[in-house]
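Input: a single structure, listed below in structure tokens.
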Amino acid sequence: MGAICSNREVPLLTTPSANPLLLLLENFRMLSELLLTEMARLSQKDNMPLHRQLYEALRRAMLDGKLGAGDRLPSSRELTDDLKLSRNTVVAALNQLSVEGYLVSRVGSGTFVNDNIPKAQPRTRPSSAPHHVADLSRRGTALSSTFCATRLEIQPFTPGIADFSAFPVALWQRLQNKHWRMTYPEMLDYSYSGGYAPLRRAVADYLRVFRSVPLDVDQVIITSGTQQSLELCAHMLADHGDTVWLEDPAYWGAVKAFMATGLQAHPVKVDQHGMAPSPADEKKPPRLIYTTPSHQYPTGAVMSLARRQQILSIARTHNAWILEDDYDSEFRFSGPPLSSLAGLDKDERVLYLGSFSKVLYPGLKLGYLVVPKRLEAAFKQAHYDLNRPGQMPLQAALAEFIELGHFASALRRARSSYAQRRQCLLEALQPCLGEHAQITGAEQGLHLCVRLPQAVDDQALVQRMADMRLTVRALSAYCLERTDAKGLVIGYGYAPLTEIQRYGPILAQAIKAEIRRLAP
Ligand SMILES: Cc1ncc(COP(=O)(O)O)c(C=O)c1O
């Protein structure tokens, strides 16, 4: 094997010779040297924690092609010994790379570089290929290779998907036609600053009554959904490199929005009461705090009142902003009604984000952002300039849909149908779980979480379920840094009742078998 080369004519980890074991050991030694050199460079430059240095060093080795698709990595124990690091440090780095899709684990054979990571290109730049990694910024590479959603998401048990087949299409079409018939030229222009006024009014009325958000209509900005709201908040309230606190485990959409806007993510553990900042977290003071307090995504934890007060107080201390993503609070099935964090906010530090993706349908691409009064003018101006928003006839149809009470009836119908599905799933799961597994987050929303013992390889379990054509997600796949959260995130919004009746028991049996395997 030649020296380590940046454009990887010779892969770093291969075993092509007569004595594969010796070569393997030699390869691993070279990898360790490479990692240590890169970590030393990173520690001088950026003062990163060790697990982050190792994560970066491995990630760069993969992106530069020094580690290639399909290469096997040394085990965490081997890396621990070779690099003289603690096991936790190594496991945290490897776990993060798995979560982001750089590494895959194959039970019994080890950890490998994913086949799908972008391939390194030769230094001599090829002419016109559009998606070469050399063409992308580091941010572009990260955005296009981590947490990638696929259309396969639309499967019965995929979390986060609503049953948009129940949407009243004929009625919607009539309303749309009516607004297209009535359309006057201004309606074909970019939308008014902040959005179409009757829609903003309808949203404000709804939030005042049902979410206890104290607001007036001027504070509402119609956006193309939560992603756009998040990016707008990040652009307007934080500068490149500022810290955003994210829940760990986290909503991928938010992770990507902050990655795209150049913020430094700081993961804060979630416990049964929601986001749980510790004094150590406060050493990394936030500029933004992104949270899903009504139904933490994905664990489903409901943020306690004490925790809400704590988050508000931290924001006050650090002069930070809170971004409250209230993505599925319309569907609450048990427990007392919850008011929003924005409703408790006395200092105007909470920005409230909502979406029509769950109640109506995701392709509608309409959501809303409620900003404190003092930010209103600046946000509207920037939203207009950055996005040139439009779709006024669509916004007008939606405003009328809400005003005429169709939104409330769609919500009522959806609530009762999801309540049945949820109940059916709970009845299938509960008898099989015993003391080693526990359901969380079933009081609200379109998914629940089955927490499993730490020893469970939840990603392997998800793969086994996929082999049975059941799509669920591994809780660990949402984790940013922590390695102790294992479980399954199971959606019931999209699954018809008959499918839950049929496949719920199969899911439950697969979980039971896994638990038995660990604790016979
Ligand atoms: C936590 C969370 N927030 C927000 C959304 C809605 O996002 P959008 O309005 O961009 O469709 C989702 C959708 O899955 C979600 O899971």
Side-chain angles (χ1 to χ4, degrees), residues 143 147-155 157-164 167 195 199 203 207 211 220-234 244-261 265 270 274-275 288-303 322-331 340-342 351-370 383 387 389 391 394-395 398 414 418 441 444-449 471-473 475 477-480 489-494:
L143 279 171
F147 292 141
C148 292
T150 68
R151 295 310 297 164
L152 264 183
E153 286 193 0
I154 314 282
Q155 298 286 324
F157 292 110
T158 311
I161 312 283
D163 180 11
F164 36 84
F167 184 68
L199 179 57
V203 167
L207 293 179
R211 305 298 302 127
V220 178
I221 298 174
I222 303 298
T223 66
S224 68
T226 303
Q227 285 311 104
Q228 191 179 71
S229 303
L230 286 171
E231 287 189 22
L232 184 63
C233 293
V244 54
W245 279 9
L246 288 167
E247 294 163 329
D248 191 5
Y251 169 47
W252 297 352
V255 176
K256 286 234 165 165
F258 297 123
M259 198 188 261
T261 43
V270 168
M275 188 179 219
L288 302 180
I289 302 174
Y290 166 80
T291 179
T292 47
S294 316
H295 190 228
Q296 200 274 329
Y297 193 87
T299 63
V302 175
M303 193 182 275
I322 299 171
L323 312 183
E324 176 180 17
D325 181 355
D326 209 20
Y327 65 103
D328 69 3
S329 58
E330 295 85 0
F331 305 114
S340 60
L341 191 55
L351 290 91
Y352 178 94
L353 289 72
S355 170
F356 290 104
S357 290
K358 308 270 187 210
V359 185
L360 301 181
Y361 64 101
L364 179 63
K365 291 303 307 159
L366 285 174
Y368 44 87
L369 169 66
V370 180
H383 180 238
N387 302 300
Q391 304 275 34
L394 186 71
Q395 294 190 32
L398 179 55
Y418 295 145
Q444 180 172 314
L446 307 176
H447 72 272
L448 53 79
C449 186
T471 306
V472 296
R473 293 235 182 90
L475 181 59
Y478 294 89
C479 292
L480 299 175
V489 187
I490 307 174
Y492 48 80
Y494 190 72

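Start at 1 and go down the list; that is how both ligands and their atoms are numbered.
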(request) Evaluate the side-chain proximity of L394 to L364: yes if any heavy-atom separation is below 4.5 Å, no if none is. (result) yes
Pairs under 3.5 Å, N/O atoms on ligand 1 and on the protein: can you put them in a table with the distances?
from: ligand 1; atom 1: 3 (N); to: D325; atom 2: OD1; distance (Å): 3.4
from: ligand 1; atom 1: 3 (N); to: D325; atom 2: OD2; distance (Å): 2.6
from: ligand 1; atom 1: 9 (O); to: T226; atom 2: N; distance (Å): 2.8
from: ligand 1; atom 1: 9 (O); to: T226; atom 2: OG1; distance (Å): 3.2
from: ligand 1; atom 1: 9 (O); to: S355; atom 2: OG; distance (Å): 2.7
from: ligand 1; atom 1: 10 (O); to: T226; atom 2: N; distance (Å): 3.3
from: ligand 1; atom 1: 10 (O); to: Q227; atom 2: N; distance (Å): 3.3
from: ligand 1; atom 1: 11 (O); to: S357; atom 2: OG; distance (Å): 2.7
from: ligand 1; atom 1: 14 (O); to: K358; atom 2: NZ; distance (Å): 2.9

Q) Is it true that atom CD of Q227 has more than 12 heavy atoms of other residues, nucleotides or ligands lying nearer than 6.0 Å? A) yes
Original post:
Aromatic rings Y251 and Y297: how do their planes relate, parallel, tilted or perpendicular, breaks at 30° and 60°?
Top reply: perpendicular
The single option from F164, F167, F356 that satisfies ring-ring contact (aromatic ring centres under 6.0 Å, His included) with Y361 is F167
Taking the side chain as everything from C-beta on, heavy atoms only, tell me whether Q296 gets closer than 4.5 Å to M303. no
In this structure, OG1 of T292 is separated from CD of E324 (nearest 0.5 Å) by 9.5 Å
